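The chains referred to below are lettered A, B, ... by the order of the sequence lines, with proteins before strands, and numbering in each begins at 1. Small disclaimer: the values here were computed from a predicted structure and weren't measured.
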Amino acid sequence: MFAAQLALNALALGSAYALVAIGFVLVLNATTAVNFAHGESVVAGGFAAVAIAGLLPAGIPGIVLLPGVLVVTALLGLIIAGVAYLPIRSRPPVSVFVTTIAFGIIVTNGLNAVFGAAPRTAPALVGSGAVEFLGVTVSLQSLAIIATAALLIGALAFVLQRTQLGRQFRACSQDPEMARALGIRLVRITLLGFALGTAFAGAAGLLLAHQFFVSPSDGGILILKAYIAVVIGGWGSLRGASVGALLIAVFEVGVASVSSQPVAEAMLYIAVLLVLFVRPEGVFGEPQRVRA
Amino acid sequence: MTGMHLGRDRVTLIAGGVALAVYATLFASSYDQRILTLSGVYVIMVLGYQFIFGHSGALSLAQGAFFGVGAYVTGIVGSQFGTGFLITFPLSIALATLLAAIVAAPVLRLASHYFALATLALNQLLLVIAVNWESVTGGANGIPGVPPVILFDWQVGRGLPLLVFVWALAAAAMLIAHWQLRPSRVSSFTVMRETPLAAPAFGIEPGLLRFRAFLFSAAFGGAAGALFVHTNRVVSPETLGFGIMVTCLTMTVVGGRFRIAGAVIGALLLTHLPEWFRGLDEYYLVAVGFLLLAMVVFAPNGLAPLFLRAGEPSRLSKTIAGDIEPPAKSTAGLVIEGLSKRYGGVRALDGASLQVEPGEIVGLIGPNGAGKTTLANLVTGIERGDAGHVERASANLSVLSATAIARSGIARTFQTSQLPDELTVRQVVSTAAVNLGSTAPADKVVNGALALCKLSDDADTHCGTLPHGVRRRVEIARAIAGDPGVLVLDEPAAGLADEEQRQVADICRALAHAGTAILLIDHNLEFLRTSVTRLACMDAGRIIMEGPFDTVLADPAVRAAYFGMADQ
């Protein structure tokens, strides 16, 4: 029974992490840029939920906040693209690393100034409490997280696979030169990638902010987890990122259940350094060919 | 020009230093002196960070980790065992450097973003340990009561004495950086950063260069961390926090990534800004974020160039010697035996064999995808073959690194020219000459190569502004700067006008006349006809025909493969 509950907790945490990792890969695929402000985007989503909930009557279920959080963080994504990526997109990638780090500093300290450094919590998605299912006590929040994440990922898959815009997006991530030659406007795809990717991060912020709280300085740890998921899943793979996120959650919940949260976190970082040592291209990634 | 700027820069630097000293001793309050002392600490940290972030071009997020290691080593050892500065300071530096050496293996060979995030993971790991290992680190509160700096019997007091002491160490750090970053080393870093693929062809070992830079960054970071806790008299997880890393990054970007003066400007500015912008309160750090963002977008080289005019001075003599005869060299040709290479299901090379004798120019033609560039990559060690070997003077080259192959006297040019925009033609050629370890004096080799490739007039032009045709010749000059016995040219005449093609052909003949063995890959048959002594044709990863120019072109198999003509 205990194991089943742990598995469900891990699945819920993993679903939220998967949204973060997928958002990271969406930006990566649209631009090949690594967005170091992505962790702060998750935090911004959490605080957007806190702020919007404050405007609504108390006791409102968190799921109602989702559209608002998505809109706010999608706009944030557009701002990141416009300020930290588009002006310097032809420079070496390190420049974009630094501008997005700078953007993250602005978000972190802006939130800190407005909301204070203390952790805040967002409303539960559908309500607290638990249901009894086949003899296992299951928290409603965990189920709601899994359902919401599944819904968002399903919607994304539909857009990418079935719509013209989604096909253009995939074309750009596979071969931007060819996509441009076919008349696809890259700037539009870039903006789409940042808006979608950051909105996914924001949604994850809403999902995480009830049970795990949210504080302005959480961004660094969240981007690391997204990155670790992407490294495990293979750079640029959406499916891989989701699998990687689930593995991280299983690892965290599993190790924490037999020791403690700090030990789980430390082990995770050691594990990722070891993984990079053995397979620098990621667990499922393919080595790239040099062309001289 | 440069000389005048150097003179002016010296005046600027001396004036700045004197003004700072006068302010520190006569006008600064004890609080101001504390801020200045912290500036000195950050100068050391930033100088180290310039090695890895500036010169290596790799975004390390572990500079705060090394700073924290230095801080905790001095904090713990100093407060728990009462050990003096003369032991704790070297120990802080040593352990930070050791940590860098240990993690270098997993992280240093990673591509840019992997490196950045792996170093962030390292920093987070140390932070988790520092916060949770309470019995040793004091947990979230840290350890108070870190002793002051005590040298033998002299205790360096707070205020001015500590300020002078820290800035003396900062000056020492500047001297070390200056000594490490001599012009040829700076150029090597530029090549590695801008054209990593070509670094081995310059004789540069990118792994080694980056490793040294990483160790220096760690050593300087550890030293700064140790001095930081001597200044604050307490060590806490703050020293490992992202805040200090961000401060260091911002100082480096604001001051400038490359110049020693940039470290001083950045550190002084960022430690004093909070004082000047007190009114911003908690929004101050938001403003720092905007500053960092704006600097990268609008002034990527930082503030240092505003104060200092001179670029990187070229210390090699400017005179162009008259002799354009390449020196005679050891005569040994190139032997390629049964080379094979697969990419997944594609056989790029399928048992290719070819010999090039000294003084011979062998042309290599073949349809696109025949394996010509793959052959060049395998010969020069950029890629490893699956079977077969490459020999020269009965030494097996297949086991050597690309850099070792280049140093052994096998030079190449690239199909798409690989030249760093920021370097001048002379710097490119002399960087190759120095790193390839040519036996003749570097000046003479450089001037000879420039003259032979008719580049003497363009010697001080930056490569980024050169037209395509000239860049081709710079590539060749760079390749022959190491005085190679074998030269592999990958489509040197592609996209050149007739006159430019003739110049390249002349260069090839002059080199072959002096004994160089040349493998010349190209599609331009007119160019090849005037250049080569022998022609070989490749198709589907094999040499299908070789011999005199006209014989090869008349061969039915060659005509079928290369011109797409069926046998009549």
Starting from the C-alpha separation in whole Å, work towards a yes-or-no answer on side-chain hydrogen bond (donor to acceptor under 3.5 Å, both in side chains) for B:Gln50 and B:Thr252. CA-CA 7 Å; B:Gln50 286 179 329; B:Thr252 312; over 6 Å; no
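For the options A:Ile270, A:Ile105, A:Leu268, A:Ile106, heavy-atom pairs under 4.5 Å to chain B are most numerous at A:Ile106. Note on B:Val128, B:Leu122, B:Leu61: by heavy-atom pairs under 4.5 Å with chain A, the leading option is B:Val128. Ranked by heavy-atom pairs under 4.5 Å with chain B, the first of A:Ala102, A:Pro92, A:Ser95 is A:Ala102. Most heavy-atom pairs under 4.5 Å with chain B: of the set A:Phe36, A:Tyr269, A:Phe103, this distinction falls to A:Tyr269.
Heavy atoms of A:Val107 lying under 4.5 Å from chain B are absent altogether. Heavy atoms closer than 4.5 Å to chain B are found in the side chain of A:Ile88, but not in its backbone. Looking at A:Pro262, the atoms closer than 4.5 Å to chain B (heavy atoms on both sides) sit in the backbone and in the side chain alike. Contact of B:Leu117 with chain A is made through backbone and side chain together, with heavy-atom distances under 4.5 Å. Contact annotation for B:Tyr284: neither backbone nor side-chain heavy atoms come within less than 4.5 Å of a heavy atom of chain A. For B:Val253, the part lying near chain A is the side chain, with the backbone staying farther off; criterion is any non-hydrogen pair under 4.5 Å.
Rounding to the nearest 0.5 Å places OG of A:Ser215 at 6.5 Å from CZ of A:Phe47.
Both the sub-6.0 Å distance and the 45° axial angle are satisfied by B:Arg412 relative to the ring of B:Phe414. In this structure, A:Arg120 fails the cation-pi test against A:Phe213, since its NZ or CZ atom is not both closer than 6.0 Å to the six-membered ring centre and inside 45 degrees of the ring normal.
Salt-bridge check for B:Lys372 with B:Glu491: failed, with every basic side-chain N at 4.0 Å or more from each acidic carboxylate O.
Within a 6.0 Å radius of CZ in A:Arg180, other residues, nucleotides and ligands contribute 12 heavy atoms or fewer.
Listed for the B:Ser56 side chain is no donor-acceptor partner under 3.5 Å among the backbone atoms of B:Phe53.
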